[in-house]
Colleague: 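Have a look at this one before I ask anything.
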Amino acid sequence: MVMVKNMKKKKHTLKKRYRRLILYIIIASIVITLTVHFVKVYKYHQTDEYKLLEKGYNANTVSNVISSLTKEDINTLLNKDKISNLNDIIKEKYFLERHLFDYIDYSDENKDKSLSDVIAIINVGANKPWYTDSTQTDESKKTAMLVNKFHLLSNNYDAGEIKNFSATYAYGSVRATKEVYDAFIKMANDAKKDNVTLVLSSGYREHDYQEKIYSDIVKKNGQEYADKYAAKPGSSEHETGLALDILSTGEGAFTNNFHKTNAYAWLQEHASEYGFILRYPEGKEYLTGYSPESWHYRYLGPELASKVKSEGITYDEYYAFYLE
Ligand SMILES: [Zn+2]
């Protein structure tokens with residue numbers, strides 16, 4: 001009898017212990033779950049995603065910012081007020097992260113300009129006055145090198161082998177590098193088959209000659225005029241031997257009329273196949289620094305010229321985005 005009673009008591013104690021254990025496990029689980037949850041929340045609050053959302057950026061912008069910008073730039077953004085057009089800037093086709101804060105400032109100061117213009121202007125550096133912060137261009141890029149008012153040739157630039165065009169192809173003495181010479185002859189001969197006459201008026205110019213042209217214009221019309229219509233020595237593509245001024249015959253023998261000729265129309269269609277692009281198109285003066293020149297063609301080689309043509313942007317923009 002006593003034994004049975006003892007056994008019952010033991011069983012009861014075991015049950016009690018068992019229950020307590022379960023209770024402890026439940027409490028422990030709750031504590032762990034809550035801790036994990038709070039750690040998670042705390043950790044999430046430290047993320048860029050949370051901080052950007054807190055700044056007022058929407059989820060789409062936040063995901064674009066995180067996937068396209070460096071940690072460093074995100075930190076800078078977090079220290080600034082919310083930028084209303086941030087997502088639009090990042091999504092621009094020619095967006096370059098290295099210019100992010102310049103785009104932001106420039107678009108804020110120039111609300112009349114479209115975002116694609118803002119991107120293009122900053123990319124080529126045309127937010128600064130011409131010739132500001134000019135650097136020596138990367139001459140090792142050869143036929144792809146950029147020469148403009150911000151990218152200058154060195155004083156002792158060597159254009160390599162230079163050839164003279166015969167009177168069939170040029171008004172007066174016109175020269176170019178051998179590669180450009182060969183490309184133009186082929187182009188002019190093919191144009192002829194389409195009853196189009198291409199005649200050169202200018203090509204390679206030595207540095208000293210460019211210096212003389214420029215200083216003559218400065219003397220005659222002043223610095224501002226000269227900077228608009230002529231190139232400062234070192235900034236002219238003609239010094240590379242890779243640029244040609246192409247005209248035609250008759251009315252088309254004059255630069256003022258060249259854009260109305262069928263020679264110009266033919267070049268618009270075919271020049272890139274021979275490696276040439278129109279370098280200073282109409283309406284792009286604010287990017288190239290030059291008034292439109294329907295006669296000035298730059299040799300880039302057929303592959304690059306076709307790429308630039310299909311992008312439909314100036315070479316300054318193309319270079320900044322793809323090659324710099
Ligand atoms: Zn020219």
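Every value quoted in this text rests on a predicted model; they were computed, and no experiment measured them. Each residue takes its place number in the sequence, starting with 1.
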Colleague: Can you tell me how the ring of H296 sits relative to the ring of Y280, calling it parallel under 30°, perpendicular over 60° and tilted otherwise?
Modeller: tilted
Colleague: Taking all non-hydrogen atoms of both residues, which atom of G203 and which atom of L244 are closest, and how far apart?
Modeller: CA-CD2, 4.0 Å
Colleague: Does any donor atom in the side chain of H238 or D245 lie under 3.5 Å from an acceptor atom in the other side chain?
Modeller: yes
Colleague: Could you pull out the closest heavy-atom pair between L198 and A188, with the gap in Å?
Modeller: CD1-CA, 4.1 Å
Colleague: Could you tell me the separation between the OG atom of S310 and the OH atom of Y318, rounded to the nearest 0.5 Å?
Modeller: 7.5 Å
Colleague: So does F254 have more than 12 non-hydrogen atoms from other groups sitting under 6.0 Å from CZ?
Modeller: no
Colleague: First locate atom NZ of K163, then atom CZ of F184, and finally report the distance between them rounded to the nearest 0.5 Å.
Modeller: 14.0 Å
Colleague: Hydrophobic clustering (ILVMFWY, side-chain heavy atoms < 4.5 Å, transitive) - are L69 and V118 grouped together?
Modeller: yes
Colleague: Are R20 and Y24 packed together at the side-chain level, in the sense that at least one heavy-atom pair is separated by less than 4.5 angstrom?
Modeller: yes
Colleague: Would you check, one step at a time, whether the test salt bridge (charged side-chain N to carboxylate O under 4.0 Å, His left out) holds for D117 with K284?
Modeller: CA-CA 10 Å; D117 269 353; K284 297 293 168 119; over 6 Å; no
Colleague: Just by distance, do the side chain of K220 and the backbone of I217 share a donor-acceptor pair under 3.5 Å?
Modeller: no
Colleague: We want to know whether E179 and Y299 form a side-chain donor-acceptor pair, criterion being a heavy-atom distance below 3.5 angstrom.
Modeller: yes
Colleague: Quick one: pull up CD in E251 and CG in N257 and give me the separation to the nearest 0.5 Å.
Modeller: 5.0 Å
Colleague: Please check if L287 and L152 belong to a single hydrophobic cluster, counting links between Ile, Leu, Val, Met, Phe, Trp and Tyr side chain heavy atoms closer than 4.5 Å.
Modeller: no
Colleague: Check this for me: does any side-chain nitrogen of one of K128 and D102 sit under 4.0 Å from a carboxylate oxygen of the other?
Modeller: no
Colleague: Look at the aromatic rings of Y103 and H99 and report parallel, tilted or perpendicular, splitting at 30° and 60°.
Modeller: perpendicular
Colleague: Regarding Q223 and Y214, do their side chains bring together a donor and an acceptor under 3.5 Å, going by distance alone?
Modeller: yes
Colleague: Between the side chain of Q210 and the main-chain N/O of A231, is any donor-acceptor distance below 3.5 Å?
Modeller: yes
Colleague: Out of curiosity, does Y225 fall in the hydrophobic cluster containing Y286 (side-chain heavy atoms, cut-off under 4.5 Å, transitive links)?
Modeller: no
Colleague: Is it true that K212 and D208 have a side-chain N and a carboxylate O under 4.0 angstrom from each other?
Modeller: no
Colleague: Mind checking whether T35 and V31 have side chains closer than 4.5 Å, heavy atoms only?
Modeller: yes
Colleague: Salt bridge check, D48 against K51: does any charged N sit closer than 4.0 Å to a carboxylate O?
Modeller: no
Colleague: Can you name the one residue among V180, V308, L146, I277 that meets side chain to side chain contact (heavy atoms under 4.5 Å, CB included) with R298?
Modeller: I277
Colleague: Between N58 and T61 (side chain of the first, backbone of the second, donor and acceptor by atom type, cut-off under 3.5 Å), is there such a pair?
Modeller: yes
Colleague: Got a sec: does the NZ of K141 have more than 12 other heavy atoms crowding it under 6.0 Å?
Modeller: yes
Colleague: Step by step, work out the side-chain hydrogen bond (donor to acceptor under 3.5 Å, both in side chains) result for Y169 and N189.
Modeller: CA-CA 10 Å; Y169 298 102; N189 292 346; 2.7 Å; yes
Colleague: Indicate yes or no for a side-chain donor-acceptor contact from K309 to the backbone of S272 under 3.5 Å, with no hydrogens or angles considered.
Modeller: no
Colleague: Flag yes if more than 12 heavy atoms outside E282 fall under 6.0 Å of its CD atom; otherwise flag no.
Modeller: no
Colleague: Would you say the side-chain atoms of E237 and Y315 include a donor-acceptor pair closer than 3.5 Å?
Modeller: no
Colleague: Between atom NZ of K93 and atom CD1 of I313, what is the distance when rounded to the nearest 0.5 Å?
Modeller: 7.0 Å
Colleague: Would the distance check show the side chain of K55 and the main-chain N or O of L78 forming a donor-acceptor pair, the cut-off being under 3.5 Å?
Modeller: yes
Colleague: Before you tell me yes or no, could you show the steps for D73 and T76 under side-chain hydrogen bond (donor to acceptor under 3.5 Å, both in side chains), namely the whole-Å CA-CA distance, both residues' side-chain angles and the distance that decides it to 0.1 Å?
Modeller: CA-CA 5 Å; D73 283 343; T76 312; 4.6 Å; no
Colleague: Supply the atom-to-atom distance L53 CG to T47 OG1, rounded to the nearest 0.5 angstrom.
Modeller: 8.0 Å
Colleague: Given N148 and Y319, is the side-chain hydrogen bond (donor to acceptor under 3.5 Å, both in side chains) satisfied, shown in steps?
Modeller: CA-CA 11 Å; N148 65 14; Y319 185 92; over 6 Å; no
Colleague: Less than 6.0 angstrom from the centroid, inside 45 degrees of the normal: does K149 satisfy that with respect to the ring of Y290?
Modeller: yes
Colleague: Give the minimum heavy-atom separation between L153 and T240, together with the two atoms involved.
Modeller: CD1-CG2, 3.7 Å
Colleague: Is it true that a side-chain atom of N110 and a backbone atom of D112 form a donor plus acceptor pair closer than 3.5 Å?
Modeller: no
Colleague: Answer yes or no: are there more than 12 heavy-atom neighbours, outside E285 itself, under 6.0 Å from its atom CD?
Modeller: yes
Colleague: Do you know the tightest heavy-atom contact between Y171 and A253?
Modeller: OH-CB, 3.4 Å
Colleague: Output yes when a side-chain donor or acceptor of E92 lies under 3.5 Å from a complementary backbone atom of L115, and no otherwise.
Modeller: no
Colleague: Check for me, please, whether L304 and L267 land in the same ILVMFWY cluster - side-chain distances under 4.5 Å, paths through other members count.
Modeller: no
Colleague: Are there over 12 heavy-atom neighbours, none belonging to Y209, within less than 6.0 Å of that residue's OH?
Modeller: no
Colleague: For Y42, does the OH atom sit with more than 12 other heavy atoms under 6.0 Å from it, leaving out its own atoms?
Modeller: no
Colleague: Going by the angle between their ring planes, with limits at 30° and 60°, are W130 and F150 parallel, tilted or perpendicular?
Modeller: tilted
Colleague: Is the count of non-hydrogen atoms from other residues, nucleotides or ligands lying under 6.0 Å from N60 atom CG greater than 12?
Modeller: yes
Colleague: Tell me if a side-chain donor or acceptor on Y57 pairs with a main-chain N or O of E54 at a distance below 3.5 Å.
Modeller: no
Colleague: Locate the shortest heavy-atom distance separating G252 from T261; write the atom from each residue and the value.
Modeller: CA-CG2, 3.4 Å
Colleague: Charged N to carboxylate O under 4.0 angstrom, K178 versus D182?
Modeller: yes
Colleague: Take atom CD in E269; do more than 12 heavy atoms of anything else shown fall under 6.0 Å from it?
Modeller: no
Colleague: With rounding to the nearest 0.5 angstrom, report the OG to CE distance, S140 to M145.
Modeller: 9.5 Å
Colleague: Please report the shortest heavy-atom distance between Y106 and K113, naming the atom on each side.
Modeller: OH-CE, 3.8 Å
Colleague: Between S236 and E239, do the side chains contain an N or O donor and an N or O acceptor separated by less than 3.5 Å?
Modeller: no
Colleague: Given the rule that I, L, V, M, F, W and Y join up when any side-chain heavy atoms are under 4.5 Å apart, are I185 and I246 in one cluster?
Modeller: yes
